[in-house]
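Here is the structure we will look at.
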Amino acid sequence: MASISFNKNYDYANYEQVYDFSTLLGNDAKTSGNVLSDYASIKSGSYGKLLKSYYAKMDAESASSSKDTTQKLTLMRSNADSLKKSADALKDTSLWEKKKITKTDEKTGEKMEEEDYDWNAITKAVKSFIDDYNSVVEETGSSETKDVLRNAAWMTNITSNAQNLLSKVGITIGKGNKLELDEEALKNARMTDLKTLFTGSGSFADKISRKAESISSAAARTKGAAYTSKGSYSDTLSKLFSSTIDEKIGDKKTDKKIEEKKIDKKTEK
């Protein structure tokens with residue numbers, strides 16, 4: 001007897017189209033009857049209901065892959081955009097070039113001009129980057145949007161891989177994957193280490209900039225939220241779940257509602 005096989009290109013709903021059961025009629029009647037009986041059980045029994053509920057859930061997830069509110073998505077996108085901007089500022093080679101700096105002698109009060117790195121500007125740029133980075137980590141850490149979470153995880157992994165070099169310039173990874181800065185250590189860091197971290201294609205700053213852009217894009221392309229402000233499913237998902245899962249599996253609450261409706265109709269008559 002020919003065996004029944006599922007074509008991977010078809011789903012459960014197309015089961016009847018995949019296999020022509022008329023070929024079974026020419027075989028042993030008892031065997032064919034068993035196969036047809038099994039098919040009927042699969043199609044209309046509990047197994048079929050479970051499959052339908054599974055596909056309904058998949059459709060629901062496709063309809064909305066996020067449980068984040070629009071406000072949260074907007075905030076995550078804004079934070080990611082700020083991080084990209086501050087990371088790109090660190091990539092600016094002019095920040096790491098010596099300039100004519102006017103300094104005041106602490107003892108004499110005399111002002112003098114000398115060539116040095118603008119450590120005030122460098123410190124400000126690094127602090128801005130760290131603040132933006134920590135805001136993204138904090139906000140995405142509670143996100144329910146898969147693409148946002150995935151890119152945020154990749155971003156923290158990039159940072160983890162660079163922690164040895166980061167520690168050499170006074171930047172450490174603290175609690176909750178947030179960055180901490182030792183300003184004194186930053187000012188005493190070797191310029192070669194700073195340039196390696198923050199300048200050029202493939203540098204730490206460049207990778208974070210690109211990952212921040214990915215987080216922003218993920219938040220921007222997510223449509224709506226799966227939950228309303230009251231904590232319930234949105235209308236689309238609510239209808240989908242109640243009609244395809246609860247009723248088909250036989251949820252007790254749903255069965256009770258159906259019975260109540262029947263009683264109301266009889267009363268009306």
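- Between Lys100 and Glu114 there is no salt bridge, since none of the side-chain N atoms of the basic residue sits less than 4.0 Å from a carboxylate O of the acidic one.
- By the 4.5 Å heavy-atom criterion applied to side chains, Thr222 and Asp147 are not counted as neighbours.
- Asn177 and Tyr133 make their closest contact through O-CE2, 3.6 Å (heavy atoms, listed as atom of the first residue, atom of the second, distance).
- One distance of note links OG1 of Thr69 with CD of Glu144; it measures 11.0 Å at 0.5 Å rounding.
- Salt bridge status for Lys175 with Glu180: absent, with no side-chain N to carboxylate O gap under 4.0 Å.
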Where do Tyr117 and Trp96 land on the ring pair (Phe, Tyr, Trp, His ring centres under 6.0 Å) test, with the steps shown first? CA-CA 7 Å; Tyr117 296 105; Trp96 309 103; 8.1 Å; no
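- For Ser135 (side chain) and Asp131 (main-chain N/O), a donor-acceptor pair under 3.5 Å exists by modelled atom type.
- Without hydrogens or angle criteria, Asp68 side chain to Thr145 main chain gives a donor-acceptor distance under 3.5 Å.
- The pair Lys85-Asp81 fails the salt-bridge criterion, with no side-chain N (NZ, NE, NH1 or NH2) lying under 4.0 Å from an Asp/Glu carboxylate O.
- Annotation: side chain of Thr172 is not in contact with side chain of Leu179 (no heavy-atom distance under 4.5 Å).
- Once rounded to the nearest 0.5 Å, the distance linking CG of Leu194 with NZ of Lys168 reads 11.5 Å.
- Of all the heavy atoms in Ile173 and Ser160, the pair that sits closest is CD1-CA, 3.9 Å.
- The side-chain hydrogen bond (donor to acceptor under 3.5 Å, both in side chains) analysis of residues 191-202, with sequence neighbours excluded, yields the pairs Arg190-Asp193.
- Hydrophobic clustering of Ile, Leu, Val, Met, Phe, Trp and Tyr side chains at less than 4.5 Å, counting indirect connections, keeps Ile122 apart from Ile101.
- Closest non-hydrogen pair, Ala205 versus Ala87, comes out as O-CB, 3.7 Å.
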Under the criterion side-chain contact (heavy atoms from CB on, under 4.5 Å), I'd like the reasoning laid out for Glu115 against Lys99: C-alpha separation, chi angles, the key distance, then a yes or no. CA-CA 5 Å; Glu115 195 174 68; Lys99 302 172 180 63; over 6 Å; no
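- Checking side-chain atoms of Asn157 against main-chain N and O of Ala153 turns up no donor-acceptor pair under 3.5 Å.
- A salt bridge links Glu139 to Lys72: one of the charged nitrogens lies within less than 4.0 Å of a carboxylate oxygen.
- Rounded to the nearest 0.5 angstrom, Glu184 CD and Leu181 CG are separated by 11.0 Å.
- Remark: side-chain polar atoms of Ser82 are paired, donor with acceptor, to backbone N or O of Ser78 under 3.5 angstrom.
- In this model, a donor atom of one side chain and an acceptor atom of the other lie less than 3.5 Å apart for Ser94 and Asp92.
- Side-chain atoms of Ser167 come within 3.5 Å of backbone N or O of Asn164 as a donor-acceptor pair.
- Checked by atom type and distance alone, the side chain of Thr140 never pairs as donor or acceptor with a backbone atom of Ser143 at under 3.5 Å.
- With salt bridges taken as basic N to acidic carboxylate O contacts below 4.0 Å, one links Lys84 and Asp88.
- The structure places CG of Asp118 at 8.0 Å from CG of Leu95, a figure rounded to the nearest 0.5 Å.
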Might you work through the side-chain contact (heavy atoms from CB on, under 4.5 Å) test for Leu186 and Asp182, ending with a clear yes or no? CA-CA 6 Å; Leu186 174 66; Asp182 182 335; over 6 Å; no
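- Taking 4.0 Å as the cut-off between side-chain N and carboxylate O, Asp206 and Lys91 count as a salt-bridged pair.
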Show your working on side-chain contact (heavy atoms from CB on, under 4.5 Å) between Met155 and Val136 and close with a plain yes or no. CA-CA 10 Å; Met155 184 184 76; Val136 170; 3.9 Å; yes
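- Applying the side chain to side chain contact (heavy atoms under 4.5 Å, CB included) test to Ser86 and every residue at least two apart in sequence or in another chain returns Leu83, Ser128, Phe129, Asp132.
- Heavy atoms from other residues, nucleotides or ligands lying under 6.0 Å from CD of Glu113 number more than 12.
- Once rounded to the nearest 0.5 Å, the distance linking CG of Asp116 with OG1 of Thr102 reads 12.0 Å.
- Hydrophobic clustering of Ile, Leu, Val, Met, Phe, Trp and Tyr side chains at less than 4.5 Å, counting indirect connections, unites Leu90 with Ile130.
- A pairwise comparison of heavy atoms in Ala189 and Trp119 identifies O-CH2, 4.3 Å as the closest pair.
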Carefully, step by step, assess Leu149 and Trp154 under the rule side-chain contact (heavy atoms from CB on, under 4.5 Å). CA-CA 9 Å; Leu149 278 171; Trp154 286 342; over 6 Å; no
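- Rounded to the nearest 0.5 angstrom, Ile215 CD1 and Asn79 CG are separated by 10.0 Å.
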